[in-house]
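In what follows, every chain begins at residue 1, and chains take the letters A, B, ... in the order their sequences are listed.
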Amino acid sequence: MEGLLFLTFATIAVLCALNLVLQTHPISSALSLIGVLGSIAVLYLLLGGEFIAAVQLIVYAGAIMVLFVFVIMLLNTGAEKQPTRKIVVTWISLPLLFTFIALAAMLIAQQVPKTEVVTFGGFSGGTTLSVGRSLFTQYLLPFEVTSILILIAILGAVVLARKEI
Amino acid sequence: MPGNYMPSAAELFRFSPELLLTAAGTLLMIFEAITSPKQKRSLPVFAFLSLLAALALAVAASSDPGPAFNRMLQVDGFATFFRVLVMAIGAVTILISTNYLKQAEHEGGEFYSLVLFSVVGQCLMATANELIMIFIGIEVSSIATYVLAGYLRDDKRNNEAALKYFLLGSFATAFLLYGVAWIYGTTGTTNLSGVRGVLLDPQNAPNAILISVALGLVLVGLLFKVSAVPFQSWAPDVYQGAPAPVTAFMATGPKAAAFAAFLRITMWAFEPVKNHWIPVLWFTAIATMIVGNFAALRQSNVKRLLAYSSIAHAGYVLVALTAASKTGTEAAMFYMVSYAAMNLGAFAVIAHVARKGERRVEIDDFAGLGNRQPLTAAIFTVFLLSLIGVPLTGGFFAKFYVFKAALDSQLIALTIVGLLNSAVAAFYYLRLIVIMYMQPAPEGVDTLPEPSLGIRTALVACSLATVVLGVFPSLVLDIAGRGASFIR
């Protein structure tokens, strides 16, 4: 059952990712990105990362995608103009890409014995309770320092974007 | 795992310099909003004083070394060394920038606030004992620097610099973060001491190939931050386009902090697998020195010239890292101090000569400086001689210790390439000195005003530091030696 779900959503994720790159219109690409993010959320859920799956949906598929679409609409971008690609580039890059993927797959299959492969349902630390607990005890400092990061981002946006000096 | 967590007073004290700087940075933002234009003149003074106070706190905190916040931070001699260094760099940056911002009619509390926050990030990088902490420190420091690089937003060169730095920097940080994920996947921890423990344990040593890929990804991120070849292409454009005081800051502060994190990761966490990373650094060090020095030969813009020179200097520090020894670490720490002193000084002179709108940044604009302002020219000569590595300057002992450490580790080829490169470097620094003293000022050049109080103070401080490091190097080397004691 889990294996079937994994295969289904992994395939959807890869297909959507391919579509994201191949589409010429930015809105179509943005919609495929939602597909990628959503199916990855399901993969997180299968691994027991309940909290991260929910956050993935709310933050990425929700908030960040809305921002993307807003920017695309505000800039009023149409379909991108395809630069004339040299045939040599395609002939070199595609085999290289496949070789890279094959090598990576081989390496992982060789280096990680089957027994170590993740078991579905074997991990139970992904609940909101356990994430919250480690966030406020073990990882309190990184969590708090992130607020400085956000403060700088706001300050930077104000400095670079306001009208009068 | 405990249900609640309260940091102890000792832990808060170890973290107090960062707390103070964060509070000061936030206060500056409030002051900027509520003060009158006349009162705003005291904002840089406030920022400068808070940096000095934080520096004093960092020195005080070193009396009680130890971990803080569940081993997220490790406050020891090494951390204190780099903390004090980046805070001093921040203070000098403020001295250089006040007059520059006044000329550009862009004074504002935000500038100083961003400098303080960036220094907080750099302090975190220096103290971090945890990859997540290093990542957040790098981000805090970088994002503040991206904004500073584009601070004069009506200037097209600033916009270009900020955008290039931001895009390439984010790309490099993604590599670093991916590497951290790999390290967690292979070792089960992101704590540097924890990673070291796993790597030392022969029973369940992680897969060598996986750990190499993980470390490789982290190294990509770090090598980008120190602008080493092949990740150096951003540095000349960004250094040239950013405001001169910001370039001074970027070339020294974030670089010193990145080397601090670099040293902790390679010399401590991944020291057990050093045979994996020494060849990588060996190659990078040679490529960085050669590319930096030979590209600098052909530059006509002084800021761009110093950008390539700073790439070359990163190469010398990488030689010290390749030595992978305690002497190598001490040499790298000493190098960062003397590099910071001479580079801040050189950029202070450039900020002074460039004037409003940075119109005078070509090498020929320095012609006749020896006659027009003999004192400024003399001080600039000190910095340039130190960058060459002439005896009696900090640059000499910095190079001396680096090559000594390399020879101790039998890196003979690397030492020879480094020495030959120093000779090449002498050519382009000397060319600048010759133009300053031998060529007359071009006809109809506008008079150069006296340097402002801030620039004067910065120049005196940097030249004093350069000379003191060149005459009494043991003052700093001893502290570096105590700081590097975590290396067995």
| Structural part of B:F111 lying under 4.5 Å from a heavy atom of chain A | neither
| Within 6.0 Å of CZ in B:F166, more than 12 heavy atoms from elsewhere | no
| request: Would you kindly say whether B:N70 and A:T137 are connected by a side-chain donor-acceptor distance under 3.5 Å? | output: no
| task | Would you indicate whether the side-chain heavy atoms of B:I265 and B:L131 approach each other to under 4.5 Å? | result | yes
| Tell me, side chain or backbone of B:T186 under 4.5 Å from chain A's heavy atoms, or both, or neither? | neither
| remark: Honestly, the part of B:M29 sitting under 4.5 Å from a heavy atom of chain A is side chain
| query | Mind checking which of residues 139-153 of chain A sit less than 4.5 Å from chain B, heavy atom to heavy atom? | reply | A:Y139, A:L140, A:L141, A:P142, A:V145, A:T146, A:I148, A:L149, A:L151, A:I152
| task | Output the residues of residues 118-128 of chain B for which the shortest heavy-atom distance to chain A is under 4.5 Å, in residue-number order; output 'none' if no such residue exists. | result | B:V120, B:L124
| So, do A:L4 and A:F9 sit near enough that their side-chain heavy atoms are less than 4.5 Å apart? | no
| Please walk me through it: do B:L28 and B:F117 pass side chain to side chain contact (heavy atoms under 4.5 Å, CB included)? | CA-CA 11 Å; B:L28 270 172; B:F117 285 132; over 6 Å; no
| field | Residues in residues 132-143 of chain B near chain A [non-hydrogen atoms, under 4.5 Å] | value | B:I132, B:M133, B:I136, B:E139, B:V140, B:I143
| Is there a donor-acceptor contact under 3.5 Å from the side chain of B:R14 to the main chain of B:P67? | yes
| task | Would you check if B:Y100 and B:L152 make a side-chain contact, meaning some heavy-atom pair closer than 4.5 Å? | result | yes
| Going by heavy atoms in the side chains, are B:R153 and B:N159 under 4.5 Å from each other? | yes
| field | Contact list for residues 15-29 of chain B, test side chain to side chain donor-acceptor pair (under 3.5 Å), sequence neighbours left out | value | B:E18-B:R83
| query | In terms of heavy-atom contacts, does CZ of B:F13 have more than 12 from other residues, nucleotides or ligands at under 6.0 Å? | reply | yes
| query | So with a 6.0 Å cut-off around CZ of B:F46, is the heavy-atom count from everything else above 12? | reply | yes
| Toward chain B, the part of A:L160 with a non-hydrogen atom under 4.5 Å | both
| said: Side chains of A:V42 and A:L5, heavy atoms from C-beta outward: is any pair under 4.5 Å? | reply: no
| query | Taking side chain as C-beta onward, heavy atoms only, is A:Y44 less than 4.5 Å from A:L57? | reply | no
